[in-house]
2 protein chains.
Amino acid sequence: MTKSSTAAKPRQRSTAAPTGREIRTGVVAFKQARILEEAAALFFEKGYEAATLEMLADRLSATKPFLYTYFKGKAAILCAICELGVTESLAALDRIAETERTSIDLLKASLREVAKIIIDRNEYLVVYQREMMNLDRTDAQRILRLRHEFDLRIGKMIEDCVRDGYITVPDAPAMSIWIGGLLSWITYCYRPGSSRSGDAVADQAMKACLRLIGLD
Amino acid sequence: MTKSSTAAKPRQRSTAAPTGREIRTGVVAFKQARILEEAAALFFEKGYEAATLEMLADRLSATKPFLYTYFKGKAAILCAICELGVTESLAALDRIAETERTSIDLLKASLREVAKIIIDRNEYLVVYQREMMNLDRTDAQRILRLRHEFDLRIGKMIEDCVRDGYITVPDAPAMSIWIGGLLSWITYCYRPGSSRSGDAVADQAMKACLRLIGLD
DNA sequence: AGAAGGCATTACCCGCTAGTATATTTTTCG
DNA sequence: CGAAAAATATACTAGCGGGTAATGCCTTCT
């Protein structure tokens, strides 16, 4: 999370460093995380505009100005939420990439992991897709670049698999976009507490992606 | 479009029938359609809550109360928009079904036609997916039933193809959901005036669907 | 031409919410 | 302990947007 415009003022103690600075920043981070968590849940069920900061404050057993201590405003909270889902997916891609295996296993593992994250961070991603348009131009573009990077990396993995002769696809970059579509669709068929477990849906999604690139 | 709760009061001339009744109703329908058209565009770019009726009125070079003559309120406008995309897709399915051919050709033609509609009614469908939650419980359920009917019919077509030995899929009903996902994803990769033409995207989407059911 | 009534507009209200200035509590540390 | 400052709460404002009378215009038929 770039703290660029999202975080507001955990205002520095002007003079000397008093009590545990590290603890302080940790506490701040925790509070911000809690706010985001609850905000994502709220935005998810009410929608961004319909949700009020008062509701959010109530859920946290706090008050509106409390929120303004940790975020510049409503828009900043939304921005942080939108960013989180995407960055986490990219981080997962990085993490998996280290576990080097064959290109096809790497692709499979990546898809499965991302599917898991999508289910885990369900609310964040739904909010992102839905409320994107409420972001500032600059924030929206920054996050979109991250999304594109994701597609690019999936595309690269597919191409690697093609190179290694595991699969055959006509147009890898295009295909990566459709894979992105399948993965995003998870958010629509998985609802927490539905009949199908998260793992089952993740598995199904991954299988669908594999079929898409001609693997059964 | 069920006029149940969406249309408001084109209030009947109480006594006798004066001028061209048919023309009258036609004009009313036209105005409603224009409102929906512009509303869809507006909701698409601003989001439902952020869009104001004043903006909508301005786009139509009219005023707020004008809108209230033809729709019960903001929610009714949204409802009509949401309904339109889905019903049109179902109608297309009906239309294609009459052109009876082999089951596989029927499936292909249906997918292509629906893809076209999705591109055509892009804004309506994006608004539907995004703003669903702002609908009344009852309206939301009615529209959701239509969506399910769509999935069911696609699933049926797939099963027919399997029966006729054209393709092999492990779980047709589940697969129809993923196909729905791919089709919906069109709305995210197609933007009017983008580099790829609508037809090209529709074609790509259809091909992706076919790969999903194991056809190349 | 002139009444009658529908169609659209101007002008208004009410409720709500993002954001803020001010007060109060709680923590920190000499 | 007690003062300073940091953290949180209370109380308020300003402006906006959905919805609604009240009003005027313009068609239409006699």
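Chain identifiers are assigned alphabetically (A, B, ...) following the order of the sequence lines, protein sequences preceding nucleic acid strands; residue numbering begins at 1 within each chain. Predicted, not measured: the structure shown is a model, and the values here were computed from it.
Geometrically, B:Lys74 does not engage B:Tyr68 in a cation-pi contact defined by less than 6.0 Å to the ring centre and at most 45° from the axis. Figure legend: B:Arg121 and B:Tyr128 shown without cation-pi pairing, the cationic atom not lying both under 6.0 angstrom from the six-membered ring centre and within 45 degrees of its axis.
Remark: P of D:dA9 and CG of A:Leu60 are 10 Å apart, rounded to the nearest angstrom. As rounded to whole Å, 14 Å separates atom P of D:dT8 from atom CZ of A:Phe71. Put simply, CZ on B:Phe30 is 16 Å from C1' on C:dC7, counting in whole angstrom units. Across the protein-nucleic acid pair, B:Phe66 atom CZ and D:dG19 atom P stand 17 Å apart, rounded to whole Å. Rounded to a whole Å, the NZ atom of A:Lys31 is 10 Å from the P atom of D:dA9. Nucleotide C:dC7 holds its P atom 12 Å from the CD atom of B:Gln32, rounded to whole Å.
Side-chain contact between B:Thr52 and B:Leu42 is absent, with no heavy-atom pair separated by less than 4.5 Å.
Across A:Lys31, A:Arg34, A:Gln32, a single residue satisfies side chain to side chain donor-acceptor pair (under 3.5 Å) together with A:Tyr70, and that is A:Lys31.
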Atom pairs, protein N/O to nucleotides 18-24 of chain C N/O, distance under 3.5 Å:
from, atom 1, to, atom 2, distance (Å)
C:dA18, OP1, A:Ala51, O, 3.4
C:dA18, OP1, A:Lys74, NZ, 3.1
C:dA18, OP2, A:Leu53, N, 2.9
C:dA18, N7, A:Lys64, NZ, 3.1
C:dG19, OP2, A:Tyr68, OH, 2.6
C:dG19, OP2, A:Lys74, N, 3.3
C:dG19, O5', A:Tyr68, OH, 3.0
C:dG19, N7, A:Lys64, NZ, 3.2
C:dG19, O6, A:Lys64, NZ, 2.5

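There is no side-chain donor-acceptor pair under 3.5 Å between A:Thr187 and A:Gln129.
In terms of the side-chain hydrogen bond (donor to acceptor under 3.5 Å, both in side chains) criterion, residue partners of B:Arg59 (sequence neighbours excluded) are, by chain and number, B:Glu38, B:Glu45.
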